[in-house]
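Heads up, the thing below is written out as structure tokens.
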Amino acid sequence: MRLLRAAGRPATLRGRLSLLAVVTAAFVMAVFTIAFNAFVHQHLARQADDLLRARGSAIAATVDTGGPVLRVLETPQEDLLDANAWIYQGASLVEQPPSAPPDSPITREAARLAAQGGARCATASHGAVDVRLCSRQVPSPGGGPRTATVVTALDLAPYRASGDTLMLASLALDAVMLACTYGVTRLAVGRALRPVRMMTDQAARWSATASEERFSGVPRPAELARLGASLDAFLDRIRAALRHEQQLTSELSHELRNPLATIVAELDWWQARPRGEDETLAAQRAITDSARTMQTICDTLLAEAREDARRTPGTAAVLPVLKALAARADQAGVPVRVLAVGEDGEPIDGEPIAGVPAAVLERILSPLLDNALRYAATAVHIRASREPGRVRIEVVDDGPGVPDGFRAHLFQPGRRADPGDGHDGAGLGLPLARRLARSAGGEAELGEPGDEGAVFVVTLPAG
């Protein structure tokens, strides 16, 4: 049994469309049925009046008003003509049907019609029987005052029975048509919605497994083609969200590994032997810095994921962020020099402002700086410069550089030029830096090789 909602409407689209079709068909059929039966009853009433007038004319032809006394001529069908006829001369009754008592409602109605004169019709009821009466005047041959009136009567029961039979037949036909309409509509709508149901089931299966199958490429009606395109876009978003989730998990794991390792190492070192007050404070500061770094990483990555790669609002002064990164990098044993230069490469006094928050700028540059510190031989240089509408930051090391054959794969997640080079890393830092830079409307890329080892360039909108 089909489930119904609390309001009484069908729960399925097929049921609703079928109900709508039945209601519409019922309204149209009701209008046509009422109009048809009204026409039938009027037509039967006109037939009865025409028959009465024809009989009245036949009887009037047997009435002679030329003499001093009104006479009714004898005819071969006199009994048939006189069965339901009254003949009046003025207001005086000359002849009446044998079956009609003088005080019956039908006889009184016939007298009323004769008194009014002219050609008139009226309906009189005698018990449960309705009788139709029509009058017709028979003028004198010379136009004298001596006129006769013929009133004929007809039982309407056969006509009413015919009208009732036609009404019942039309109602039965309406019921059959409504049942057929409902059945055909359900069948047609069900067949029309079958591809939608199949596409829905397929989309549910494909979304659960992040399948690459799509609805495009299969000829479909225009409406289903648009639905397929919408489902394809929805599946693409699901697949992208799953990829984004996996990538976010990998990036969190990669980014949190270093500060977590620092915390663990400091705790192990602290517990290995008793420490002095200064050493204890230094260890606590290192643990605190690492914990705050982890918090910043989590907040930045999660905020970036919630924004779904949209431009991040906010601005930040570039040099303080670069100097803070350089101060934290001093423990690696490789000096980091920060310099602000102009378009001509000369040092400037002005402060470059990037159109991203300081936390996002730090997360963009941290993987690039970590990579430079791994491979630098003697020093790392960070140069910040202002360009029309943007800020350019270069991270330069004097290491071996990036092999030419690996330059195209440098920013691909999980790829490393030489996994066995003795340096840690999972190949996720550089892709993270590029993705964060692009989410802010900028770019992170590998610069042209020069005398230095590797040059990483970050461009961001100016604040």
Side-chain angles (χ1 to χ4, degrees), residues 32-171:
F32 278 100
T33 300
I34 293 173
F36 171 75
N37 284 277
F39 171 77
V40 167
H41 281 82
Q42 291 180 357
H43 180 69
L44 292 176
R46 285 196 300 269
Q47 280 188 335
D49 290 348
D50 292 343
L51 179 59
L52 288 173
R53 292 188 182 97
R55 290 178 59 185
S57 298
I59 295 174
T62 66
V63 176
D64 181 12
T65 58
V69 179
L70 184 145
R71 291 185 310 116
V72 180
L73 304 178
E74 299 296 331
T75 63
Q77 299 179 345
E78 181 178 355
D79 294 340
L80 179 62
L81 295 176
D82 294 343
N84 288 301
W86 290 260
I87 302 176
Y88 289 87
Q89 184 175 11
S92 301
L93 179 62
V94 177
E95 187 173 331
Q96 69 178 13
S99 60
D103 58 346
S104 66
I106 299 176
T107 301
R108 291 197 297 269
E109 185 65 26
R112 188 183 68 80
L113 291 175
Q116 291 179 351
R120 302 176 183 275
C121 292
T123 301
S125 298
H126 182 59
V129 179
D130 290 337
V131 178
R132 185 72 170 172
L133 297 97
C134 288
S135 63
R136 186 182 188 284
Q137 276 193 335
V138 184
S140 299
R146 297 172 59 85
T147 59
T149 302
V150 176
V151 180
T152 54
L154 180 66
D155 186 2
L156 294 179
Y159 295 89
R160 297 286 171 83
S162 298
D164 293 342
T165 301
L166 287 174
M167 177 176 288
L168 292 176
S170 62
L171 292 177

- Message: Suppose the criterion is side-chain hydrogen bond (donor to acceptor under 3.5 Å, both in side chains): which pairs have a residue in residues 39-53, not counting sequence neighbours?
- Response: His43-Gln47, Asp49-Arg132
- Query: Of all heavy-atom pairs between Pro105 and Ser125, which one has the smallest distance, and what is that distance?
  - Reply: CB-O, 3.7 Å
- Message: If I take atom CG from residue Leu93 and atom CH2 from residue Trp86, how far apart are they, to the nearest 0.5 angstrom?
- Response: 9.5 Å
- Message: On a heavy-atom basis, which atom in Leu113 and which in Cys134 lie closest, and how many Å separate them?
- Response: CD1-N, 4.5 Å
- Item | Which atom of Ala153 lies closest to which atom of Leu52, heavy atoms considered | C-CD2, 3.4 Å
- Query: Taking Thr149 for the side chain and Tyr88 for the main chain, is one N or O donor matched with an acceptor at less than 3.5 Å?
  - Reply: no
- Smallest separation among heavy atoms of Pro97 and Ala85, with atom names: CD-O, 3.1 Å
- Task: Look up atom CZ in Arg120 and atom CD in Gln137, then write down how far apart they are to the nearest 0.5 Å.
- Result: 9.5 Å
- side-chain contact (heavy atoms from CB on, under 4.5 Å) between Asn37 and Ser170, intermediate numbers included: CA-CA 8 Å; Asn37 284 277; Ser170 62; 3.4 Å; yes
- Distance from Asp130 atom CG to Leu154 atom CG, nearest 0.5 Å? 11.5 Å
- Query: Sequence neighbours excluded, which residues qualify as side chain to side chain donor-acceptor pair (under 3.5 Å) partners of Arg112?
  - Reply: Glu109
